[in-house]
Asks: 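First, the structure itself, so that you have it in front of you.
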Amino acid sequence: MIAFVVTPGFEAALTSELAGRVSAPVVAAPGVVSGEVMAPGAPVPDPIFARQPLPDARLLSGPSVSALAEAAYAALESAVDAGTGPFTLHAYAIAPGETDTSADSDDDDNAVAAPAPGLGSRIELIGRQTLALLQKRRRRACARYQPAEAFAANMDANATLLQLLALDRTTILASAASPAPLPGGGLTLAPWPGGAAPVAVDRAPPSRAYQKLEEAFLWMKAAPGPGDVCVDLGAAPGGWTMTALKRGARVIAVDRAPLQAPAAPHPRLTMTIGNAFTFEPSQPVDWLLCDVICEPPRTIALVETWLTRRWCRHLVCTVKFKGSAGYGVLGPLRNFLAGAGLRFARIKQLAHNKNEVTVMGIR
């Protein structure tokens, strides 16, 4: 069995995306879709609407924390013994569908689900007990154990990721797998629990939109730096612009409205009042950033134009939807990116996205 972590409420989008790759996918729990890989030995799928797969997942049941920890140990011990590189263990629950949209935002697309009450602490306890059993009974193999933060910084194809995902109080999924390189760059497994990259809270930006950009940088393992030139299309009120400025980059912000403080004024900021879709840089830039609100085809056309004309070396762009009827445009976009000659190209619904996805590319 293979399972996928998806933002609660988007299970149907993921199920549709898995057609032809996974047999009879079902919603195992809110935020979890599971099924059987149709072709044994086939590469792990990399769906847009899934942040993290659980390959070769096993369904475990037990009446107590200790019983589930013993079952998890039995399911994972052989993978720990067989590994040659570092390993870590992620034990987590999927947050429910409720979101907090009370804080200010550019477009109300920055809400993050609240923690799952009770279940999260229970699976963390199961994880600690499972790790304790491994360290007691597999001491030599556990010399390769790394805490989650260190593991995330260095995860490669030689590593092993152990995952315990709570479905309810008495049922969990256990998975042990090594990440594999993807054709478009990156790895099949995300190095963070549930594929939710950790983003530090920053009260300075004028909105919370900066969170999804920071998350994209973590997925890309790249970010603007001193000397880089960034174009931020649809920049107001200035959350993404501030994110680039604080890293030392120079930003050309394009919007019909001026930026808000503290994004403006700034010595490395050039404000252009105008249309994001007709703006053309005078010369190629290092980064295109775009979080503009518009219909998906317009955003996709913008991405294709900037890449075809080689106007940027890096790209982060959100494609926003109203309802679920328009997700079909993502298939052709993915095909375009695959043929665009990029060394990194992924489309993901990130943890800080709402009804939108993030396009990431590196030439």
Side-chain angles (χ1 to χ4, degrees), residues 46 48 181-187 209-210 212-236 238-256 259 268-320 329-350 353 356-363:
D46 182 38
I48 294 169
L182 290 166
L187 298 169
Y210 75 91
K212 53 192 171 184
L213 181 59
E214 294 281 10
E215 190 177 2
F217 292 158
L218 289 170
W219 278 83
M220 299 169 73
K221 294 185 177 180
D228 284 347
V229 178
C230 307
V231 169
D232 185 5
L233 299 180
W240 282 30
T241 289
M242 277 197 67
T243 298
L245 289 172
K246 76 178 184 180
R247 285 177 162 79
R250 183 164 68 85
V251 180
I252 303 168
V254 183
D255 205 304
R256 295 183 185 277
L259 301 191
R268 283 183 275 105
L269 171 65
T270 300
M271 184 68 214
T272 298
I273 302 297
N275 188 334
F277 295 96
T278 59
F279 174 83
E280 297 186 6
S282 58
Q283 59 185 15
V285 299
D286 298 291
W287 286 82
L288 169 65
L289 310 176
C290 180
D291 192 33
V292 70
I293 303 173
C294 67
E295 295 298 318
R298 295 193 72 194
T299 304
I300 292 171
L302 185 148
V303 168
E304 293 178 351
T305 296
W306 276 72
L307 290 178
T308 299
R309 299 186 181 181
R310 305 180 73 86
W311 285 346
C312 61
R313 294 192 300 112
H314 304 76
L315 176 147
V316 181
C317 186
T318 52
V319 181
K320 304 173 187 293
V329 300
L330 296 174
L333 174 58
R334 194 168 197 171
N335 293 337
F336 170 81
L337 292 176
L342 304 177
R343 65 180 177 90
F344 181 95
R346 295 184 84 172
I347 311 171
K348 282 289 173 185
Q349 186 181 48
L350 303 178
N353 286 141
E356 61 184 355
V357 300
T358 299
V359 182
M360 298 167 281
I362 303 175
R363 188 171 298 284

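Values reported hereafter were calculated over all heavy atoms of this structure, with side chains retained and with hydrogens, waters and symmetry mates removed. A quick note: this is a predicted structure, and the numbers were derived from the prediction, not measured.
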Asks: With side chain to side chain contact (heavy atoms under 4.5 Å, CB included) as the test, pick out the partner of Leu315 among Ile362, Leu289, Leu288.
Replies: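 Among Ile362, Leu289, Leu288, the one meeting side chain to side chain contact (heavy atoms under 4.5 Å, CB included) with Leu315 is Leu288.
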Asks: Quick check for you: to the nearest 0.5 Å, what is the distance between Leu330 atom CG and Phe336 atom CZ?
Replies: 14.0 Å
Asks: Could you give the distance from OG1 (Thr241) to OH (Tyr210), rounded to the nearest 0.5 Å?
Replies: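 Output value for this atom pair is 15.5 Å.
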Asks: Check for a donor-acceptor pair, side chain of Trp240 on one end and backbone N or O of Ala209 on the other, with a separation under 3.5 Å.
Replies: yes
Asks: In plain terms, say whether Asp291 and Lys212 are close enough for a salt bridge, that is, a side-chain N and a carboxylate O under 4.0 Å apart.
Replies: yes
Asks: Scan Val231, Val316, Asp232 and name whichever one has a side chain to side chain contact (heavy atoms under 4.5 Å, CB included) with Trp287.
Replies: Val316
Asks: Evaluate Met242 against Val251 for side-chain contact (heavy atoms from CB on, under 4.5 Å), listing each step before the verdict.
Replies: CA-CA 9 Å; Met242 277 197 67; Val251 180; over 6 Å; no
Asks: Angle class for the Phe279/Trp306 ring planes (parallel below 30°, perpendicular above 60°, tilted otherwise)?
Replies: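 If you compare the ring of Phe279 with that of Trp306, the planes turn out parallel.
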Asks: Can you check whether Val292 reaches Leu302 side chain to side chain, under 4.5 Å on heavy atoms?
Replies: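 Side chain of Val292 against side chain of Leu302, heavy atoms only: no contact under 4.5 Å found.
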Asks: Tell me, do Lys320 and Thr299 make a side-chain contact under 4.5 Å, heavy atoms counted?
Replies: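 Not in contact.
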Asks: Closest heavy-atom contact between Leu269 and Ala253?
Replies: CD1-CB, 3.7 Å
Asks: Contact between Ile347 and Val319 at the side-chain level, heavy atoms closer than 4.5 Å - yes or no?
Replies: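 The answer is no; the side chains never approach within 4.5 Å.
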Asks: Can a side-chain donor-acceptor contact be found between Thr318 and Asn353 if the only test is distance below 3.5 angstrom?
Replies: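 Checked: Asn353/Thr318 side chains show no N/O donor-acceptor pair below 3.5 Å.
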Asks: Working to the nearest 0.5 Å, report the span between CD of Glu356 and CD1 of Ile293.
Replies: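 Between atom CD of Glu356 and atom CD1 of Ile293 there are 9.5 Å.
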Asks: Within a strict 4.5 Å, meaning less than it, do heavy atoms of the Arg346 and Leu337 side chains meet?
Replies: no
Asks: Please say whether more than 12 non-hydrogen atoms of neighbouring residues, nucleotides or ligands are located less than 6.0 Å from CZ in Arg250.
Replies: no
Asks: If you compare all heavy atoms of Gly361 against all heavy atoms of Met220, which two are closest, and at what distance to 0.1 Å?
Replies: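 Closest pair (atom of Gly361, atom of Met220, distance): O-CE, 3.5 Å.
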Asks: Can you see which heavy atom on Leu342 is nearest to which on Arg363, and at what distance?
Replies: CD2-CA, 3.7 Å
Asks: To the nearest 0.5 angstrom, please state how far the CD atom of Glu215 sits from the CE atom of Met360.
Replies: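 Atom-to-atom, Glu215:CD and Met360:CE are 8.5 Å apart.
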Asks: What are the two closest heavy atoms between Ala216 and Thr358, and how far apart are they?
Replies: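 Heavy atoms of Ala216 and Thr358 come nearest at CB-CG2, 4.2 Å.
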Asks: To the nearest 0.5 Å, tell me how far Thr243 OG1 sits from Phe217 CZ.
Replies: 6.5 Å
Asks: In Å, rounded to the nearest 0.5 Å, how long is the span from SG of Cys230 to NE2 of His314?
Replies: 9.5 Å
Asks: Would one find more than 12 heavy atoms of other residues, nucleotides or ligands at under 6.0 Å from atom CZ of Arg268?
Replies: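 Yes.
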Asks: Considering only heavy atoms from C-beta outward, does the side chain of Asp286 approach that of Pro224 to under 4.5 Å?
Replies: no
Asks: Which pair of non-hydrogen atoms, one from Ala236 and one from Asp255, has the smallest distance, and what is that distance?
Replies: N-OD2, 2.9 Å
Asks: Test side-chain contact (heavy atoms from CB on, under 4.5 Å) on Asn275 and Phe277; report intermediate values, then the result.
Replies: CA-CA 5 Å; Asn275 188 334; Phe277 295 96; 3.5 Å; yes
Asks: Minimum heavy-atom separation for Leu307 to Cys312, with atom names?
Replies: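 Result for this residue pair: CD2-SG, 4.3 Å.
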